[in-house]
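Just so you know, these numbers use all the heavy atoms, side chains as well, and skip hydrogens, waters and symmetry mates.
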Amino acid sequence: QVQLVESGGGLVQAGGSLRLSCAAPGRAFSSYVMGWFRQAPGKERGFVATISRNGGSTYIADFVKGRFTVSRDNAKNTVYLQMNSLKPEDTAVYYCAASTYYTITASRNDYDYWGQGTQVTVSS
């Protein structure tokens, strides 16, 4: 069992930045592919970003590419989502997830463990 705890959400004006963190205590963190997803009110949870076990490979959704980056620090058992140039349409609950899949994946079904989510609200 992997416990994931997100932090860093909040209220920000359009054009601002936030960095989300997801901590996963335990020695096995580096064995998981990590992902970020988001869910806006009335919408399904959708893919945002994923990063490989060693951080060497990432994949970012087209609609945030160039604005969001994903990174991880295995020594700190933490994955990050840096969000720049935020827009009101980025408002959502952001979730991190851990996967035992063999490579980075954008499929929600490939993720085994989920955090509780952190709210990001972007005002216009």
Side-chain angles (χ1 to χ4, degrees):
Q1 190 74 13
V2 176
Q3 183 179 10
L4 304 174
V5 181
E6 301 100 333
S7 61
L11 174 64
V12 64
Q13 288 189 332
S17 298
L18 283 174
R19 188 177 79 157
L20 305 183
S21 299
C22 174
R27 294 179 295 173
F29 177 75
S30 61
S31 67
Y32 293 97
V33 167
M34 299 299 295
W36 286 97
F37 292 76
R38 71 185 188 185
Q39 187 168 18
K43 296 187 177 181
E44 291 192 354
R45 192 173 301 185
F47 169 76
V48 177
T50 181
I51 186 166
S52 62
R53 291 174 177 82
N54 65 1
S57 296
T58 62
Y59 176 58
I60 309 292
D62 286 344
F63 55 83
V64 297
K65 194 171 292 183
R67 299 190 298 121
F68 290 14
T69 57
V70 59
S71 62
R72 67 191 295 166
D73 185 340
N74 286 343
K76 295 182 178 180
N77 286 3
T78 302
V79 62
Y80 305 97
L81 185 68
Q82 178 66 45
M83 305 185 295
N84 299 328
S85 302
L86 283 161
K87 304 175 181 180
E89 51 263 42
D90 294 318
T91 295
V93 177
Y94 284 72
Y95 298 88
C96 75
S99 173
T100 57
Y101 202 62
Y102 72 99
T103 188
I104 55 174
T105 174
S107 175
R108 191 175 61 186
N109 293 335
D110 290 333
Y111 288 83
D112 306 285
Y113 305 102
W114 293 82
Q116 83 289 349
T118 186
Q119 177 69 49
V120 171
T121 303
V122 185
S123 63
S124 57

Derivation and outcome, side-chain contact (heavy atoms from CB on, under 4.5 Å), residues E6 and L20: CA-CA 7 Å; E6 301 100 333; L20 305 183; over 6 Å; no
Note, L4 side chain near Y95 side chain (heavy atom, < 4.5 Å): no
Single-linkage hydrophobic cluster V2~Y94, side-chain heavy atoms < 4.5 angstrom: yes
Minimum heavy-atom distance between A14 and S124, given as atom pair plus value: CB-CA, 4.3 Å
Non-hydrogen atoms of A40 and A92 that approach each other most closely: N-CB, 3.8 Å
Neighbour count above 12 (heavy atom, 6.0 Å) for E89 CD: yes
Y80 six-ring centre to R19 NZ/CZ under 6.0 Å and within 45° of normal: yes
Side-chain donor/acceptor of T118 to backbone N/O of S7, under 3.5 Å: no
Donor-acceptor pair, side chain of R53 and main chain of S31, under 3.5 angstrom: yes
Main-chain N/O of F29 paired to R72 side chain as donor or acceptor, under 3.5 Å: yes
D112 vs T100, side-chain hydrogen bond (donor to acceptor under 3.5 Å, both in side chains): CA-CA, chis, key distance, verdict: CA-CA 7 Å; D112 306 285; T100 57; 3.0 Å; yes
ILVMFWY cluster, V33 and V79 together (side-chain gap under 4.5 Å): no
Atom pair CG (D73) and OG (S30), whose distance is rounded to the nearest 0.5 Å: 11.5 Å
Donor-acceptor side-chain pairing of T105 and D110 below 3.5 angstrom: yes
Nearest heavy-atom neighbours spanning L18 and G8: CD2-O, 3.8 Å
Single-linkage hydrophobic cluster, 4.5 Å side-chain cutoff, Y113 and Y101 together: no
Flag side-chain contact, heavy atom, 4.5 Å: F68 against W36: no
Common cluster, I104/F63, ILVMFWY with side-chain heavy-atom separation under 4.5 Å: no
L81 side, atom CG; S71 side, atom OG - distance, nearest 0.5 Å: 8.5 Å
Minimum heavy-atom distance between A106 and F37, given as atom pair plus value: O-CE2, 3.8 Å
Spacing of CZ belonging to R38 relative to CZ belonging to R45, to within rounding of 0.5 Å: 13.5 Å
Shortest non-hydrogen contact between V122 and K87, atoms and distance: CB-O, 3.3 Å
Nearest-0.5 Å distance that lies between atom CD in Q13 and atom CG in L86: 11.5 Å
Pairwise distance OG(S99) to CH2(W114) - rounded to 0.5 angstrom: 9.5 Å
Full working for salt bridge (charged side-chain N to carboxylate O under 4.0 Å, His left out) between K65 and D62: CA-CA 5 Å; K65 194 171 292 183; D62 286 344; 3.2 Å; yes
Verdict with reasoning, M83 to V120, per side-chain contact (heavy atoms from CB on, under 4.5 Å): CA-CA 10 Å; M83 305 185 295; V120 171; 3.8 Å; yes
Donor + acceptor pair across side chains of Y111, T50 (<3.5 Å): yes
Heavy-atom side-chain proximity of I60 to V70 below 4.5 angstrom: yes
Closest non-hydrogen atom pair between S21 and T78, with its separation: CB-CG2, 4.2 Å
